[in-house]
Structure formats: structure tokens, C-alpha cells
Novice: 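Provided herewith is a single structure, encoded as C-alpha cells, for subsequent inquiry.
Chain naming here is simple, since letters A, B, ... match the order of the sequence lines and numbering starts at 1 in each. Only a predicted model underlies this, so the values are computations on that prediction, with no experimental measurement involved. Only heavy atoms go into these numbers, but all of them, side chains included; no hydrogens, no water, no symmetry mates.
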Protein chains: 2
Amino acid sequence: MGVFSKTCEYAIRAVFYISQRTHEGYKTGIKEIASNIDSPEPFLAKILQKLAKAGIVQSVKGPNGGFYIDIASFDRPLSDIVEAIDGAEIFTGCAMGLSFCSEVNPCPLHNDFKEVRNRITEMLHRTSISQFDEELIRGQLSLNK
Amino acid sequence: MGVFSKTCEYAIRAVFYISQRTHEGYKTGIKEIASNIDSPEPFLAKILQKLAKAGIVQSVKGPNGGFYIDIASFDRPLSDIVEAIDGAEIFTGCAMGLSFCSEVNPCPLHNDFKEVRNRITEMLHRTSISQFDEELIRGQLSLNK
DNA sequence: TAAATAAAAGACTTTTAAGTCTTTTATTTA
DNA sequence: TAAATAAAAGACTTAAAAGTCTTTTATTTA
Ligand code: FES
Ligand code: FES
């Protein structure tokens, strides 16, 4: 089990890929996205629908249609994707599954785990959707395999 | 979704509870453990069987039987529990679900995520099963709710 | 040694996550 | 305006995680 659900992993990879393609001036169809991020095509379709409803990606139907990211969305943080797919638990939940994390009656791992959680939160808030476009275009970063 | 599976959360809570009770001089039955860590009793039974096979907890059947932790196991790190239940993925896996994490062809989150993963790994290696016994006995830490 | 106790074992069910398929709707272009 | 294209919608299936139940085995104690 990873830190994010499989669905969320596909979502993040897809959004990075779409951002890169938008940066290059293209709208991108599901088939191309799926093959470039190594995900099952119909499942990815479901995920992109959800992201489109959340306003994280944009889409147009018909010939020359596909998915893209509008200027306003380029700077959205990765945390928006994670929250839309997996919810907020990763930002607030207890390491050991207590129903809520608190300073007043903490679990044994609380002090260490809140640092971990903060790091994850910082990473996801600091990182933007379009942040890696150039490195992806240059082929220095990987979204598949 | 948390960082650990639900099964693993129960396992950690149970082991801390058994350690505390062993420290106080008792063997503890499943019913008592389940009610004190707020877990479903028959599911916990399965989990404890697995931990017993892994040598992380010890058990004796029959009257006055139950679960306890032998002296040699007190100092085992929490990572042994996590690895026995969830496997090693949390220590080595890629944030975005690439089939392996590497420096040579990293995903966009690699540099940030390896720090997160290192923190989790350190926390789990540094923390021992018996480390919180006294605070648990004093009621300063919580394993339920 | 019989009865009681408590974990081990394994088959089973339920729930959730992951993945697929078919039909509909919107858009473009010939 | 018809044909082609591509996403949206929703019903559906499969696989994995979570949880339950019943029977067996080991141990103790009366
Ligand atoms: S109470 Fe468990 S992490 Fe805060
Ligand atoms: S390659 Fe993704 S975390 Fe290392």
C-alpha cells in the first residue's frame, strides 16, 4: 500500500502529463494519456471525469478535442488533486487509525507522525501542476513504468 | 486512506497494548485486547495469528493463556510489524506508483518524497514495541477511539 | 482424565477499490 | 446537415481488503 490510492497515483501522473502537453500547445485524448502514463484506459476515463468536475482539468468533446489545463489551473497545488480523489485524511488522520488525531490524547506515534504528515502536506501544497513541464518535455522525469 | 492499512493499524495498537500488559505481568486474551484497542475481535484474532507466526508476539492456549511479548521481542522495531502486515512497499515504493523508485529515472515527486519516506522509515526503525509501556500504563497515551 | 478455557486454522461473507463495457451527448469538419 | 470523433454517464464485473463464523487443537485445573 502506498501513501496514495492507485486511483490517485493515476490522477497525479495524468495531470502532469496533460500539463506538459498543454504547455506544448496540444489537447490530449484519453488513449494517448493512458499509454504515456501506463494506466488502463477506461479506468483513467473515470478518473479524468472526476478531475474535470472538480475543475482541475478541462476537456472538449469531438474531433481535435481532448483534455487540457487552463491558465488559471496551472498553478493549482497537487494537494487539490489528492483531496479530490483520496479526501483529506492524509493531511489530518492519525498514524494508528484513531478516529481523530489530537495533542490532548495522542497515540504513541503522534509526535513523530505529525512531522511526517507535515512534510507530505508541504510537498503537496508547494508543488504545482505545471511545475515539472520543462523537465518532462526534456525527458528528465518519468511518468510510466 | 492512511499511510498504513487498517489491518496494520490494528496490529500496531494491539502490540503496544500487549507490551504494556506484559510489562505489568499479565498474559492477555483477545477479548480484552480487542475491547481496549477498539477493534473487531475475530478480525484481530487473525491478525494476532499472523504476528505470532512472525515471532513478534507469543501466545499460549488454554486457561490463563493469552498473548504476551517475550524479553527478546521487547526491543524489536515497529518496522517489523509493518513489514509483516503491509510488506516493504512503504519503505521503498514510488509516490506516484511507478513500478520502482530510482534516482536515474525518477518521477517528479522523487526528491521530495524520498525525504518523506526516510522519515517514516526512521520513525519505524527507531521506535520499539515496548517504548511506550510506562506512558500507556500512566494513561498518557491512547490506543482507542 | 474430564471439563473448561483460549488460541489456531480455515472456510466463508461483506465491503470497498479497481477496472470494464455500452450508450449518450457534444463538437468538428467534409 | 451527415459522418466522424471524442468525452460523459452510468451500469456492470473483478479483485482485494476487511470482517465473521465454525471447528480443531493445545493447555490447565478440578
Ligand atoms: S493521535 Fe495518532 S497521529 Fe496524532
Ligand atoms: S521515483 Fe517516484 S518516488 Fe522515487
Novice: Whole Å only: how far is the CD atom of A:Q58 from the C1' atom of D:dA7?
Specialist: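 Taking CD of A:Q58 and C1' of D:dA7, I get 14 Å after rounding.
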Novice: Strictly below 4.0 Å, N to O, side chains only: are A:R13 and A:D38 in salt-bridge contact?
Specialist: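 Looking at A:R13 and A:D38, the cut-off is not met.
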Novice: Does B:Y10 make a side-chain N or O approach to OP1 or OP2 of D:dG19 shorter than 4.0 Å?
Specialist: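 Answer is yes, contact under 4.0 Å.
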Novice: Can you tell me the Watson-Crick or wobble partner of D:dA8, both distances under 3.5 angstrom?
Specialist: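 Checking every strand shown, D:dA8 finds its partner in C:dT23, with both distances under 3.5 Å.
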Novice: With a 6.0 Å cut-off (strictly less than), is the heavy-atom count around CZ of B:F91, excluding the residue itself, greater than 12?
Specialist: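 Yes, enclosed.
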Novice: Distance check needed: C:dA17 C1' versus A:E9 CD, whole Å only.
Specialist: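 That distance rounds to 13 Å.
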Novice: Does B:K53 reach a base, just sugar-phosphate, or nothing at all? Heavy atoms under 4.0 Å.
Specialist: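 Sugar-phosphate, backbone atoms only, no base.
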Novice: Let me know the distance between CD1 of B:I30 and P of D:dG19, rounded to the nearest Å.
Specialist: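 So the two atoms are 15 Å apart, to the nearest Å.
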Novice: Could you run down nucleotides 21-30 of chain D 5' to 3' and tag each one B, S or - for protein heavy-atom contact under 4.0 Å?
Specialist: ----BBBBS-
Novice: Calculate the interatomic distance between A:Q49 atom CD and C:dT20 atom P; express it in whole Å.
Specialist: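 Rounding to the nearest Å, CD of A:Q49 and P of C:dT20 are 15 Å apart.
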Novice: Quick one: is D:dA17 close enough that its OP1 or OP2 comes under 4.0 Å of any side-chain N or O from B:S5?
Specialist: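 The answer is no; no side-chain N or O of B:S5 sits under 4.0 Å from OP1 or OP2.
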Novice: For B:N64, is the CG atom crowded, meaning more than 12 foreign heavy atoms sit under 6.0 Å from it?
Specialist: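 Not buried by this count: 12 neighbours or fewer within 6.0 Å.
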Novice: Using both distances under 3.5 Å as the test, list the Watson-Crick or G-U wobble partner of C:dT14, or none.
Specialist: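 WC or wobble partner is D:dA17.
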Novice: Does a side-chain N-to-carboxylate-O contact under 4.0 Å join B:R21 and B:E24?
Specialist: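 So B:R21 pairs with B:E24 through a salt bridge.
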Novice: I need the CG-P distance between A:L44 and C:dT20, as an integer number of Å.
Specialist: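 About 11 Å, once rounded to whole Å.
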Novice: Taking side chain as C-beta onward, heavy atoms only, is A:C101 less than 4.5 Å from A:H110?
Specialist: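 Yes, side chains in contact.
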Novice: Can you tell me if B:K27 touches the phosphate of C:dA7, counting only side-chain N or O atoms and a distance under 4.0 Å to OP1 or OP2?
Specialist: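 No.
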Novice: Consider the side chain of A:K6, meaning its heavy atoms from C-beta on, and name the nucleotide among C:dG19, D:dA8, C:dA7 that approaches it most closely.
Specialist: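 Looking only at side-chain atoms, A:K6 lies closest to C:dG19.
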Novice: Can a side chain N or O of A:S59 be found less than 4.0 Å away from OP1 or OP2 on D:dA8?
Specialist: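 Result: yes.
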Novice: To the nearest Å, give me how far apart CZ (A:F43) and C1' (D:dT14) are.
Specialist: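 A:F43 atom CZ is separated from D:dT14 atom C1' by 12 Å.
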Novice: B:D86 CG to D:dA18 P: how many Å, rounded?
Specialist: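 These atoms are roughly 8 Å apart.
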Novice: For a 4.5 angstrom cut-off between non-hydrogen side-chain atoms, does B:S142 reach A:L98?
Specialist: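 In contact.
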Novice: Looking at D:dT28, which nucleotide sits across from it as a Watson-Crick or G-U wobble partner, both distances under 3.5 angstrom, or is there none?
Specialist: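 In the structure as shown, D:dT28 has C:dA3 as its Watson-Crick or wobble partner.
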Novice: What's the CG-P distance between B:L48 and C:dA7, to the nearest Å?
Specialist: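 The distance from CG of B:L48 to P of C:dA7 comes to 9 Å, rounded to the nearest Å.
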Novice: Should the pair A:R126-B:D112 be classified as a salt bridge under the 4.0 Å nitrogen-to-oxygen rule?
Specialist: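 Between B:D112 and A:R126 there is a salt bridge, with a charged N closer than 4.0 Å to a carboxylate O.
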